[in-house]
Amino acid sequence: MTERYADVIIDIAHEKVDKVFQYRIPAGLAQSIYPGVRVHVPFGRGNQEKIGYVVDISSETDYPAEKIKTVSAVDEKGMSVESRQIQIAYWLKSQYGSTMIAALKTVLPVRQKQKPLEKKRVLRCLSPSETAQAAVMCAEKHQRAKARMLEALATEEELPYELVRQKLNVAASTLQALERQGLLKIEKKTCYRNPVRVADRQENRPALNPVQQQIIDAVVNAYREGHPGVHLVHGVTGSGKTEVYLGIIEQMIAMGKQAIMLIPEIALTYQTLLRFYKRFGDRVSVMNSTLSAGEKYDQIERAKAGEIDVIIGPRSALFTPFPNLGVIVMDEEHENSYKSETSPKYHARETAIQIASMCGAGVVLGSATPSLEAYYRARQGQYQLYEMKERPGNSVLPAVHITDLRKELKEGNRSIFGRRLRELMEERLSGKEQTILFLNRRGYAGFVSCRACGHVMKCPHCDVSLSEHKNGMLICHYCGYQERKPGKCPECGSPYLLGFKAGTEQVEEAIHREFPGARVLRMDADTTRKKESYEKILSAFADEEADILVGTQMIVKGHDFPGVTLVGVLAADLSLNRNDYRAGERTFQLLTQAAGRAGRGERPGEVVIQTYQPEHYSVVYAAGQDYEGFYGEEIAYRALLGYPPVEHMLAVLIVSRVQEEGERLGEKMTELVKKEMGGTDGLRVIGPAEASIGKLSDLYRHTLYLRHGDYQVLVEAKDRLERFCREHEQREQTVQFDFDPMNTY
Ligand code: ADP
Ligand code: ZN
Ligand code: ZN
C-alpha cells in the first residue's frame, strides 16, 4: 500500500500559514483524516504533543521517509469553525486551481496585534428642526460638508463615525468645528464591540407589497423546511430588492441565524449602509477595503464570538466564519468584481453556494440584469426564480432614445454629442436639472496612430497601445511606462501622428467648449486614485455642485441622484468591439444599469444611447429594458459556440520570460490533455496560442482553452496539468488557471 501523508498546520494564525509540516497517516486513521480535521501530532525536538489542522493529503513527500513523524490521533472535539474554513480553502484549491497556501490566505483572516479600537459616534445636540435650520444656513454660506452632516443628523439622532467620515465624506476638522459650535457631539467609547447604534430605529419602513412578501416567505419557508436552496431575484432597479433582503435577513436573525450580505465595493454607499444600520443596529458590521488588516481580524473575531448577526461587504466578506449561518445574499450578482483576479480565481457566486451548502444555509442572488449563468440555471430549475417587474410608488422607468452616430456624421455633425443629446442637455442646463454622461470604456484608452501609414504607438514592454494624455505624454495603462509623444511617426516620418479622441478627459473638454458655463465633474480611474476622492466626487455631485457628471463604469453603480433626469451613453459600442465572448452581455448590463440611473427622484428621466450599431441586439434590448429578449438571443449564441454557461471553459495562461519556452510548454500541455483525456467525449482543446495581449511587462503570454459541459472534467484536466507542471518544474514560467473566465486572455 502506498504511504499517505497529511500536511498539518500547527498555528492557524495567518502569518504562520506557510509553515506546513508533513506527517505520516497511520493505516488505522486513513479513513478519518481529511482536510479540515484536527489532529494531535508530536512536534519539535521533544516531540511535545500539539494540536494541528490537516490542510492537505498527498502520497508524495520531499523528506527522507525515516524523518517523517506520524499523526498520533484525531482530535475528539471534532470540527471547529477553523475546520470549516480549511475545508472551504481546500474546495477553492481543488475547484479553481491554486496552491493550498494561497487558498488558505484567501479564507483565513490576518491576525494582527492591535490596540483596542476607539469607536466613535456622532450625536445630534439640537432638535431635528433646529438641526435642519442650521443645515440650511450652512448651505447658504456654501459650507457644503457642514450642511451635508447636519442634514443627515436632522433625520438620524446619531450616526457611526466611520459612516460619516467615509461615506458622507465629512472631514474630522469639520466635525470638530461643528462640535465647537455645539451643533453635534462626538462620543468616544473604547470598546471591542461595534458601536453602531442608530438611536431611533423608527425607520420609515414601507409596507411590503405582495410580490416582496411572497419572495421573503418563499425563501424563509424553504429554509424552515430544510431545503434552503438558491434563489434568484430578478428585479428592475428600484423595484424593492433591498427591502426583500432586509426582510429575509430579519427573519433569519429572529431564528438565531446570521447573514452575509455581499455588495460590490463600489455600491457600498451611505444610503445603502444606513438602511442596514437602521434595521439591525449594532448587530451589523461592515467589511470594506478601507479597513486595516487588524480591523478586519477584529470583525472576524466578533462574528465567531456571535457578537454580530450581519456582515456587509464585498467578495471577501463571504469568508466570515459565523457559527450559525442562515443565508448569504448577493446583490448585483452579475458584477465582475465578484470574480477574484488573483489565484485562486474563484467566483463569489459559486463559492457562496458551496459555503451555504456546507452550513445548511440559503443563497439569495439579486440583480436587475442577472448573469447568463444565474438566469440559465434558474431556467433549468436549479435556482428558484422570482420576478419584480415594477417600481413601487409612482416612480416610472425612463424613456430611452437611440441615436445612430453614423447618420449624425453623414449629416455633418462631428461633435461627440448627437443632436438629440445636445438638445436634452441644454434643456437640463436651463432647467437646473442634472445630467450624467457615460463612456463605457476604462480611463481614456485613446490610442495614437499615424494617419499616413497606420502605425500604432505601442508600449515596448506590453503588447498594448499607449494612451495619450493631455500633457503630451503617452502612457501604458498596464505597466505605467511613459514616453513623450514624438513629433512625427517613428515608422514613416509623417507629422500626422494623432490620438483617437474618445476618453473622459476629451468629453470634459468638449463640454467646456460646447456648453460654456456648465459645471462639470469627472470620475474615472485617474480622478479616483485616492480612495476618498471617489466619495468626494459623488457627494459633490449629490450636493448639486455640478450640472454634469462624466465618467466610466463606476458611475452607473447603485447611486441615487434624485436630481439626475438625463443619462447619455456617448458611444455604446466601445464595449462591444472586443474579442470577448461576454462583450454582448457586458454591454447590455452597462446600458441597462446606466438607464436605471435616470429619473430616480420625482421627475421622470430620459436616456440617450448613442451608437454606431443601433441594430445590435444588446443595444436594442437594453433600450427596450427587455432582459428576456436579450437572454434568449445571447443564450442561443453561447449554446451554438459551446461557451459558458452552456458549457464550461478553462483558460490556462502561461507566462514566461522566453517566448519560445512559453510556446513549448503550451504545446506539451495540449499534447498531454489530448493524450490522457482524448477519449473524453465532447472535450475541446483550443490552442496553444499567443494571448490577445501577447506581452505584458516584458513577459510573454500564451493561452490554452479547454471546454466541456461537465465542470468536473475540466477540474480533472487541471489536476493533470498541475501535476505535469510540478513534475517538470519550470523556472521563469508560471501557469495560471481560470475557470469560466470573465475575460478572454
Ligand atoms: P432595489 O434594491 O431593487 O434597487 P430598493 O429596495 O432600494 O430597490 O427600493 C427602491 C426604493 O423604493 C427605496 O427608496 C425603497 O425605500 C422604496 N420601496 C421599496 N419597497 C417599497 C414598498 N413596498 N413600498 C414603498 N416603497 C418601497
Ligand atoms: Zn507613419
Ligand atoms: Zn506597458
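We count ligands from 1, going down the list as the structure has it; atoms in each ligand are counted the same way. Quick note: numbers below take in every heavy atom, side chains included, and nothing from hydrogens, waters or symmetry partners.
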Ligand 1 atoms nearer than 4.0 angstrom to some heavy atom of G240 are 1 (P), 3 (O), 5 (P), 6 (O), 8 (O), 9 (O), 19 (C)
Strictly under 6.0 Å, is that where the ring centroids of Y627 and Y375 end up?
yes
*asked:* Hydrogens and angles aside, do Q214 and Y386 bring a side-chain donor and acceptor to less than 3.5 Å of each other?
replied: no
Honestly, for Q213 the part within reach of ligand 1 (heavy atoms, under 4.0 Å) is neither
request  = Give a yes/no verdict on whether any heavy atom in R275 is under 4.0 Å from an atom of ligand 1.
outcome  = yes
### Message
Regarding T369 and Q593, do their side chains bring together a donor and an acceptor under 3.5 Å, going by distance alone?
### Response
yes
*Any side-chain donor paired with an acceptor under 3.5 Å for Q589 and T592?*
no
Give a yes/no verdict on whether any heavy atom in S239 is under 4.0 Å from an atom of ligand 1. yes
Open item on the list: Side chain or backbone, does A207 bring an N or O within less than 3.5 Å of an N or O on ligand 1?
Closed with: yes
Taking only non-hydrogen atoms of P206 and a 4.0 Å limit, the atoms of ligand 1 in range are 21 (C), 22 (C), 24 (N), 25 (C), 26 (N), 27 (C)
Looking only at non-hydrogen atoms, the one of V244, D331, T242 nearest atom 2 (O) of ligand 1 is T242
Checklist entry - Would you say the side-chain atoms of H234 and E387 include a donor-acceptor pair closer than 3.5 Å? => result yes
Honestly, for L208 the part within reach of ligand 1 (heavy atoms, under 4.0 Å) is backbone
So for Q212 against ligand 1, with non-hydrogen atoms under 4.0 Å, the contacting part is side chain
* **Any side-chain donor near an acceptor of the partner, E333 and Y338, under 3.5 Å** => no
Ring center gap for Y617 and Y637 short of 6.0 angstrom:
no
